[in-house]
Amino acid sequence: MATNTIEHNNPITLVQARLAIRTLGEHITPVIKGEPGCGKSTLLKMLKEDMGDGYDYIYVDCPVKDIGDTAMSVPDNAKTKLIQLVTDLFMLDSPKPKVIMLDEFMKTPKLLQTMWTRLMLERSVGDRQLPDKSIVFATSNNSSDGVGDTMLAHAGNRVMIYNLRKPNAAEWNAWATDNNIAPEIRACVAMNPRMMASYLDGGQDDNPFIFSPLRKVLSFVTPRSLAKCDHIVRNREVLGAGLTQSSLAGTVGAAAAEMMSAFLSLSSELVSINAVIDDPDNVRIPEKPAALFMMMFNAIDTIETQDQLAAFMKFVNRIKSAEVQSVFFTMALQSKRVSKLAIKNNEIKEWAKGNYELLI
């Protein structure tokens, strides 16, 4: 079996993966490989958002499937022969074209990989053909992750293998803002971008936050585990400090939990966004950078009008840290909601002109 231990050096983003699957998946099977928790399993949901109700969307959890979950030969006594029956998993009674996701394909038992190579190559399940325009794609971890991902060499030659890169801190925070993840978590990531590094980047041997096949730990920072922390952070008053800390550590690891807990203790340092908007020229500026980072994300969640954005930008311009200013600018332009205001806001335009070097 081939393991692809040498990964190619042109990784793609989730947005590019969606485009590749939509464009090419009818004719050749994309296999999207990436580190744990980077969003591979969300691709089917994203494709449904992109492509609408004209398809049947089918999720196949490959490692837990057996031969009988695909097709079986049964006797036809009247004709004294065996016929093949296909499971309803693949919805072949529906005339719609299919979008089939083979999740964790490279962890599939060898015999099933052999069966599914026909699905990936010929768009058929057993002896039954998928409807025209059907799309098949697969996901798995990097072979170098050391979690048991392998593929038969001849099967690898029949597909199109992509390496999926992790989102960086700014990209993840843009997603987290649009999905209402707690501002404390977003601020922690913005101030500690190493949380979104990859062990494949090099120079990350001392990074205590991330997954590494060299460290046998189960809790570490990924885009997925960070999102799960939202439930913990929002219920911290019920859980209490000790259980909150333990819950965070059990989700993203001890180092990230300690860092995140520091942000949770900053409530007394913050100035409300409404107070800033009411008096941007005179309101107190917190001294701790972490508090300022949190305020930037609170503002993105709060601002609804051009006047509010203009007032908050007056406050931003009083902050001496260009890094904090650039976080607000980036999030304002990347937020689906606030960007509609930001692209027409004169204060935002002036800041961009005066800080061009920060945007290169």
Inspect the contact between Asp301 and Arg186 and indicate whether a charged nitrogen and a carboxylate oxygen are less than 4.0 angstrom apart.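 A salt bridge links Arg186 with Asp301.
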Salt-bridge contact Glu35-Arg224 (side-chain N to carboxylate O under 4.0 Å): no
Just checking, any donor-acceptor pair under 3.5 angstrom between side chains of Thr29 and Arg123? yes
Between Ser124 and Arg118, do the side chains contain a donor N or O and an acceptor N or O under 3.5 Å apart?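 Checked: Arg118/Ser124 side chains pair up, N/O donor to acceptor below 3.5 Å.
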Any side-chain to backbone donor/acceptor pair from Asn168 onto Glu171? Under 3.5 Å, distance only.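 The answer is yes, because a donor-acceptor pair under 3.5 Å joins these two groups.
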So the side-chain hydrogen bond (donor to acceptor under 3.5 Å, both in side chains) pairs with at least one residue in residues 304-317 (sequence neighbours excluded) are Gln306-Asn345
All pairs passing side-chain hydrogen bond (donor to acceptor under 3.5 Å, both in side chains) where residues 239-260 contributes a residue, at least two apart: Gln245-Ser261
The ring pair (Phe, Tyr, Trp, His ring centres under 6.0 Å) partners of Tyr199 (sequence neighbours excluded) come to Phe211
Ring pair (Phe, Tyr, Trp, His ring centres under 6.0 Å) partners for Phe328, two or more places apart: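 By the ring pair (Phe, Tyr, Trp, His ring centres under 6.0 Å) rule, Phe328 matches Phe312.
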Please name all residues satisfying side-chain hydrogen bond (donor to acceptor under 3.5 Å, both in side chains) with Glu347, sequence neighbours left out, ordered by chain then number.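 Here no residue qualifies.
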Could you give all pairs that pass the salt bridge (Lys or Arg N to Asp or Glu O under 4.0 Å) test and reach residues 232-244, with sequence neighbours left out?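 Passing the test, one end in residues 232-244: Glu184-Arg236, Asp230-Arg234.
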I'd like to know whether CD of Glu287 has more than 12 heavy-atom contacts from other residues, nucleotides or ligands below 6.0 angstrom.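 Not buried by this count: 12 neighbours or fewer within 6.0 Å.
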